[in-house]
Structures are given as structure tokens and as C-alpha cells.
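Each remark here refers to the structure printed beneath this line.
Each chain gets a letter, A, B and so on, in the order its sequence line appears, and its residues count up from 1.
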There are 2 protein chains.
Amino acid sequence: MGDVARHAGVSAMTVSRVLRQPELVNKDLRLKVEAAIRETGYIYNLVASSLASQRSGTIALILPTVASSIFSDSVKGVADVARTRSVQMIMAETNYSSAEEEKVIESLLRRRPDGFIIVGVSHTRATRTMLEKSGVPVVETWDSTSTPIDSLVSLSNFDAMKAMTASLAQQGFRRIAFVGTVTRDRRAQMRAKGYMAGLAEAGLHEAVIFNARDVTSMGAGAEVAAQIIAASPRPDAVICLNDVIAAGVLLALQRAGLHVPRDMAVAGFGDFDFARHLIPALTTVDIPRYEIGQRAAEILLDRVEGKQPRPYTCEVSYRITVRESTERCARSK
Amino acid sequence: MGDVARHAGVSAMTVSRVLRQPELVNKDLRLKVEAAIRETGYIYNLVASSLASQRSGTIALILPTVASSIFSDSVKGVADVARTRSVQMIMAETNYSSAEEEKVIESLLRRRPDGFIIVGVSHTRATRTMLEKSGVPVVETWDSTSTPIDSLVSLSNFDAMKAMTASLAQQGFRRIAFVGTVTRDRRAQMRAKGYMAGLAEAGLHEAVIFNARDVTSMGAGAEVAAQIIAASPRPDAVICLNDVIAAGVLLALQRAGLHVPRDMAVAGFGDFDFARHLIPALTTVDIPRYEIGQRAAEILLDRVEGKQPRPYTCEVSYRITVRESTERCARSK
DNA sequence: AACCAATTTGTTAGCGCTAACCATTATCTG
DNA sequence: CAGATAATGGTTAGCGCTAACAAATTGGTT
């Protein structure tokens, strides 16, 4: 920067101003400095800038997993906002584990991000303390809670899944099973509980829950399909934790010779891209995934810039999207 | 850090050593310092560290898009290596545009990453110059070239698609069409050229190419399916730029009442998770997506740490995986 | 005992920027 | 036209670490 300053015959401070608040610099001088920057091929050093200004210009995004379509739209939402407001997003994954989350957040905190966006509201005590002590704004997402760390983009997995269960019950399905997972992931648990509540309210049978090996591969859904077929009595509908599992189940059922929805209806969660294209098209809970990321990022950056001085909570809606995979079409009984 | 040092009754430098090269510090002292860190709740500042040590401990990953399953396994590969070798990965997307890539790389360079992993080998002149001048190690991936910027994890999209075309021709398909895209994305172009070369070599007809609106949504595949069905003469096989498009085409063909593969075979590229689960299971080119990311990251970090003093090129293999969607089963002619 | 090398800790001087303040000049006010 | 006000640029002193070197201590050797 000193080099550029010399080239333009000004002080380093003026160069710094041209780069950060050009409106404070006289136009002629500014042009001269900009020319000097081009001539010297100078590349601004944000590391030094971050240290001096105590602002890193980064926001951290904590996800259960990056290698899945589940969160990719939310990531895109965050990334788009980050770009327009010129901050850099850094991502890390927790593999659905609070312990890993704690490690990951501690490690990211060392980079002094200006804020955190976290998927989920369930954290270890240490994580919470660490974040609170650091004074960094935090936006939690994809779940609901009455005690957010700071801000929240709320989504009630419980309500959504309860609504889906109610919808199927109302359509006349009488043995509705659920495919979940054994992990301690809170969003998965809330969905399972929503299912149970929905069943109870409809006055149907006891909950029937199958567990998938993991929640990000169709293979896990396909595996569990065998158990579902073998179950006695056999369910007439299955609600899956998410669309990936649902697709795995749906395709495996078909492969086993069952007709969906005649022999068994299948519903998912998330309304992923492929849901509407499957044959039969998948009934699912439509979640505004992109919007969750977008709003979280906007709230976070407003917090960072002080435009939003207080923690802020908002809620995103969900919608039951009924498609062919649960249509009781030509069924008698 | 001074605070911790006082607590432990040592100098700041010793604290720094405990954090970065604990083996250089006497065990007793080290334990005392570690206790002091815990007591004070000290969080190491990597921003200051980066500035002082001229190493940021980050690697940049440049992708066409983050919101798609296409690269998510490669991202995972990079992320896993990054974690074990304790560097942070920062990602940015180019939207399949060299101009955006240039902007994105310039912007990332300001953060002084220790290295770059870039999907693709086609860049603007300015991008290349910038990277070379910066002296940062670069690994290009997912494409092949004889003039890499630095290191390369090579994949021949041309060869792979040519092999797929040859495979279909050999299976007896006689009118093989291709679904590509109109963008100037080099990997897409090479795949199209590979298809054309394969056709030519098989001595079949002229190339028949359809274009999808985008390459990351099934909807784009579904749209193009209508054109394919209307084409005259109608192809008996379609090779798609990737599995997402292929799935869109396959499902739309079925929805239009065609039988796959009897009326038309469909092949994809990438062997995404869903390919083997679709009905019929999708014939595709199996690419080691995770491995590409993994190897790129390993090579890059070896370059960063000086373990690998010279640019290094390696190649990953592909495999034609024939599944039901192109099986000429019960077809007469 | 004198010497050397290895081991361990401390000291100094930045890394490349910017916050906060000061100095200068132009512009306005009554 | 004095005096206040803005607009503009420069100075100084760090931000919180670490590279490089210096110093002190230990142990082994002759």
C-alpha cells in the first residue's frame, strides 16, 4: 500500500480511504490513486485490514453437512446476500453432532467472523457460552425455540410434520408409518414428534417408526423400504424425514413391485428439486429453503452493522404440497 | 495472549509456542499455559497470526455453483482433507462464467489464501496473470489441459463422453442424440465434442444436439424432453450432459408415455447418488467426484507446505456404468 | 574446569493495515 | 472580513500476533 501511495504521491491513509470510503476522497486524487493501484498490480490485504479494523468481513455458516442437497439452497441464499453485501462466507459442517459443532465453532471463532449462521438450535452448554462471551451476533435457523442465543429464523419441524400427518389421515390413510433416524438431531426428533402428535390427534394407531441408516442418501431409504414391506400389518402410507429418504423408499417400493400410492403412499419433507419430477410426483412439505438462508444472512448482517440493535426472530412458513404419491385415486376400501 | 502469559507467568512468545509448536515447550510449562488458556477463556486470534506469519491457513475453492449436487462430493473431499490438515476452506462460485471467476478470484486473493483449487481450466488472461503473479499454488480440476497454471487433477470429459457414445453405439443404438447446454462452459463443450467424436468414429449419423436451459435442475431436462420426443426422426438414445439433466429427461419421457429404454434409452454423466435408484437405473459415466476434491486438496497442501516443490499433474479415471436405462432387452430390431 | 552443543525461554521489531486525531485549505456566514 | 464550518489529506500509534535472534540453562565431553 505504501508502494501505491508513493506512485500516486499521497499517503497510505489516502489509499486506504480510496479503497474503503472513496466518497471521502477528492475525485482527481481518487482517480490518480486508482491508476496507481492498477499500475502496480496492488492487491489489497484483507488480513491486515481485518486486524486493524477489528472486522473480518466474513460470516460463518455452520451446517450439519455440506455434501447434500438438503441445505444447498439455504447456502445459496446466504451466499447471494453475502455477495451483494460484500462479505465472505465461510462454511463448516458438524456431521449432525453437537460435540463436533462445538469444536467447529471454537475453531471458526479464531478467525474472528463478524457473525454466525447456525442450522439448528440445539447446542452444548460450552458452545452457547462461547458464543455469548464472544459477543458475535448469531442467527439460528431451521428449527424453533423460545430461547435463541441471539436471532432466529424459525421453522417448526413439529408443526410441519404434524400437518403432513393430519393431511394423510384426512385423505383416508389408516396405517401411517414414519421413517426417521436414530441420531440425536433435534430437527429429526421434532419431525418424528410432530408425526406422533398428528397420529394421536387423528385417533389412529400407535406410532410406527422405522429408522434409516443415514438421512442424506437414497440408499438408506431403499434399505428401510425392505423393512416396511415386511412389516405386519403393512402401513398404507409412509412419511419420510426428508425427500431424499422418501425418494429412496418410493423407488425401492416400486422396484419390489408395489404400486405407489395404491399399495402404499409415500410422503417426504423439503420439496427438493426432484420431488415434482418423480413418478409418481412426491407429496412433501414445501420449505422455503433459499429464503431461510437469505433472511438469516440479512438479519445477521443488519445485526453486524448495527442496523438491528436487538435480537430478532422471524418465522418462515411451510406448505403441504400434495402430489401423486399420496393420491387415493382408484382405491376402493 | 498477553493476558494468558501473565496468568501463566511466562512470555507471550511461550504461549504462542504452546499453541503452534507445543513440542518445543517444556511439559510443565506447557501444562501451566494450557491451564491459563482455559481459565481465561482465551480464544486464539488467527487474523493476527496470519498477518504475522504470512500464512492464512485457508485454501480457496472456486466452483461453478455451490447449490447443486454436481460438486458437493468434491467439496466434501476438499473439506475432509482441509479438516485433517487443519486449514479452513473458503468457497466461491462463478456461475459458469470466466468473467465472474476473475472477480471472485481477485476478491479471494485479498484474503491471502495459501492456495487455490479451481474447477475448470479455462480462465481469462487476467485471471491467469493474477494467479501467477501472486505466487500462490493452484490446483485445477475436473478438466484436462496441457498447460495448467500450476498443478492439475485431470479428467478428460472428452474421452469419457466419447467412450459413453461408443458404448451405446456398440450396444446397437443407431440414432444417438445429445443434451448439452448453450453456455461457454468448457467441460460441457468437451463432453459435446466427445459425443461428436464418438458418433463419427462409430460411423453413424450427424450429431443431434439439444440444449437445456440450465444444467443444474431436472426441470431443464424435463423441458428438453418435449423437443426430443417431437424430433424427427426420433432418437433411440439420448446422452445427457449430466445425471441431473438425464433424470429430468428420463422422467419426462416416462411421463409422456414412452418406455425407457425400449422407446428411447437415456444415459447421464456423473453417477450421482440417485442414478442407481431410478427406475430404470441410469446408465452413466462414473466419475470419482469425492476423490477429485480429496486429491486436489492433498496436492495443494503438499505444495503449500513445500513437500511438493514442483507443479504436479495426475489424472483420475472414469468408468462407463451400464444400467437398465440403456439395456436393449426385449427390443427386436 | 573449560568447552561445546542442545534445549528452553525471552526480547525486539515488525506483518500491512486503520482509528483517531491533527493540519490545512476552501466555503460560508452575518 | 473575522470567525465558524466543512471538506480534505496527513500523522501517529497501535491491532495481536510471530520470525529471528539472543540469552539462559542443562548436560555431556575432554
Does S53(A) make a side-chain N or O approach to OP1 or OP2 of dT18(C) shorter than 4.0 Å? no
Within the 4.0 Å heavy-atom criterion, would you say V47(A) contacts the bases, only the backbone, or no part of the nucleic acid? nothing
Can you confirm whether the side chains of D214(B) and T216(B) place a donor and an acceptor under 3.5 Å from each other? yes
Round to a whole Å and report the spacing from CG of L46(B) to P of dC15(D). 19 Å
At less than 3.5 Å, do the side-chain atoms of R17(B) and the base atoms of dG10(C) form a donor-acceptor pair? yes
Result for side chain to side chain donor-acceptor pair (under 3.5 Å) between E291(A) and one of R289(A), Q294(A), R295(A) points to R295(A)
Phosphate oxygens OP1/OP2 of dG16(C): is one of them under 4.0 Å from a side-chain N or O of R112(B)? no
Derivation of the side-chain hydrogen bond (donor to acceptor under 3.5 Å, both in side chains) call for Y312(B) and D302(B): CA-CA 10 Å; Y312(B) 179 85; D302(B) 285 349; over 6 Å; no
Closest approach to the side chain of S49(A), judged atom by atom: which nucleotide of dT18(C), dT18(D), dT9(C) is it? dT18(C)
Applying a 4.0 Å non-hydrogen cut-off, can you work out what L29(A) is touching in the nucleic acid: base, sugar-phosphate, or nothing? sugar-phosphate
Distance check needed: dG16(D) C1' versus I43(B) CD1, whole Å only. 14 Å
V75(A) side chain reached by M91(A) side chain, heavy atoms, under 4.5 Å: yes
In whole angstroms, how far is the C1' atom of dT9(C) from the CG atom of D28(B)? 14 Å
Could you state the atom-to-atom distance from CZ of R110(B) to P of dT18(C) in whole Å? 12 Å
Taking only the side-chain nitrogens and oxygens of Q54(B), find out if one of them lies under 4.0 Å from OP1 or OP2 of dG16(C). yes
Without decimals, in angstroms, what is the distance between R6(A) CZ and dG16(C) P? 13 Å
Nearest-nucleotide pick for Y44(B), side chain only, options being dA20(C), dT18(D), dC17(C): dT18(D)
May I ask you to say what V25(B) touches in the nucleic acid, namely base, sugar-phosphate or nothing, with a heavy-atom cut-off under 4.0 Å? sugar-phosphate
Between L46(A) and R112(B), is any pair of side-chain heavy atoms under 4.5 Å apart? no
Would you say S11(A) places a side-chain N or O within less than 4.0 Å of OP1 or OP2 belonging to dG10(D)? yes
Short side-chain N/O contact to dG10(D) OP1/OP2 from T14(A), under 4.0 Å: yes
Would you kindly compare A52(B) and M13(B) by the position of their nearest DNA chain C nucleotide and give the one closer to the 5′ end? M13(B)
Mind calculating the distance between CZ (R55(A)) and P (dC17(C)) to the nearest angstrom? 19 Å
Rounded to whole Å, how long is the line connecting atom CG of L51(A) with atom C1' of dT18(D)? 12 Å
Round to the nearest Å and state the distance from N45(A) atom CG to dT18(C) atom C1'. 13 Å
